[in-house]
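The structure presented is a predicted model; accordingly, all values stated were derived computationally and were not measured. Just the heavy atoms: all of them, side chains too, but no hydrogens, waters or symmetry mates, feed the values below.
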Amino acid sequence: MNLRDELPVDHPLNRVYRIGAALCGLLLLLFGCLGFADSLSSFDTDGRQIAGLSTNGLLSTISVAFGLLLFVAALIGGNFASTVNITVGGLFVLSGFAHLALIGRPGNILDFGLTNVIFSFVMGLLIMTFGMYGRVSGGLPHDNPYWQQRHAGRDIGSTGGNRPQDPRKRPTEALPPGR
């Protein structure tokens with residue numbers, strides 16, 4: 001499946017992917033830049049807080065890197081932004097689980113606290129939601145490009161399915177019997 005060809009360049013869902021990536025990216029950039037402005041050392045785990053989250057220089061660097069990635073994805077837009085949102089959101093959720101296990105242990109080099117874990121879960125789910133919007137659903141409308149791509153060449157009306165046949169489909173486009 002070639003993701004770049006599934007969605008027309010001017011499709012309205014592109015705005016959702018771009019706005020979601022840009023907003024979340026800017027939030028991460030802001031958090032990372034505030035950490036740099038506070039001159040935090042890279043592996044410091046003394047509990048310094050910025051915006052209610054414990055942080056250090058390494059976490060600020062990672063926040064800036066992911067913020068830039070999301071912002072660049074927003075500039076590119078389309079399926080690229082959607083895929084980046086889904087991937088980064090998944091990484092945030094996985095990071096939340098990993099750091100939940102590391103709280104209070106010496107391996108917690110990013111100085112995560114419980115508020116950071118909750119933020120990681122919430123931000124990850126938010127970013128993934130922006131990326132999955134219109135791509136992953138149980139009831140996509142028939143004019144959705146993802147629904148059309150998944151059902152290309154199928155004559156839904158003659159299979160006894162509960163979905164109506166696409167009114168734009170011409171009879172010459174239907175599959176021959178036996179396929």
(request) Go through the steps for Leu114 and Leu100 under the test side chain to side chain contact (heavy atoms under 4.5 Å, CB included), then give the verdict. (result) CA-CA 7 Å; Leu114 190 56; Leu100 185 60; 4.1 Å; yes

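- Hydrophobic clustering (ILVMFWY, side-chain heavy atoms < 4.5 Å, transitive): Phe66 and Phe97 are in one cluster.
- Thr83 OG1 to Ile76 CD1: the interatomic distance, rounded to the nearest 0.5 Å, is 11.5 Å.
- A continuous path of ILVMFWY side-chain contacts below 4.5 Å connects Ile103 to Val93, so both sit in one hydrophobic cluster.
- Ser95 meets the side-chain hydrogen bond (donor to acceptor under 3.5 Å, both in side chains) test with His99; sequence neighbours excluded.
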(request) Evaluate side chain to side chain contact (heavy atoms under 4.5 Å, CB included) for Leu59 paired with Ser63, printing each intermediate quantity in order. (result) CA-CA 6 Å; Leu59 183 57; Ser63 297; 4.3 Å; yes

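- Both Phe31 and Val122 are part of a single hydrophobic cluster, where members link through side-chain heavy atoms under 4.5 Å apart.
- By the rule that hydrophobic residues join a cluster once side-chain heavy atoms approach within less than 4.5 Å of another member, Ile127 and Ile118 end up as members of one cluster.
- A continuous path of hydrophobic side-chain contacts links Leu29 to Leu75 [ILVMFWY only; heavy atoms under 4.5 Å].
- The 12-atom threshold is exceeded at CZ of Phe121, counting heavy atoms of other residues, nucleotides or ligands nearer than 6.0 Å.
- Contact between Met123 and Cys24 at its shortest, heavy atoms only, is SD-SG, 3.9 Å.
- Taking every heavy atom of both residues into account, Ser82 and Gly131 meet most closely at OG-O, 2.6 Å.
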(message) Between Phe92 and Leu126, is the side chain to side chain contact (heavy atoms under 4.5 Å, CB included) condition met? List the steps.
(response) CA-CA 10 Å; Phe92 264 75; Leu126 180 67; over 6 Å; no

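- Expressed to the nearest 0.5 Å, how far OG1 of Thr129 lies from CD1 of Ile86 amounts to 10.0 Å.
- Other residues sharing a hydrophobic cluster with Leu23 under the 4.5 Å side-chain heavy-atom criterion for ILVMFWY residues are Ile19.
- Judged by distance alone, the side chain of Ser120 and the main-chain N or O of Asn116 form no donor-acceptor pair under 3.5 Å.
- Note that CG of Leu70 is 11.0 Å distant from CZ of Phe130, once rounded to the nearest 0.5 Å.
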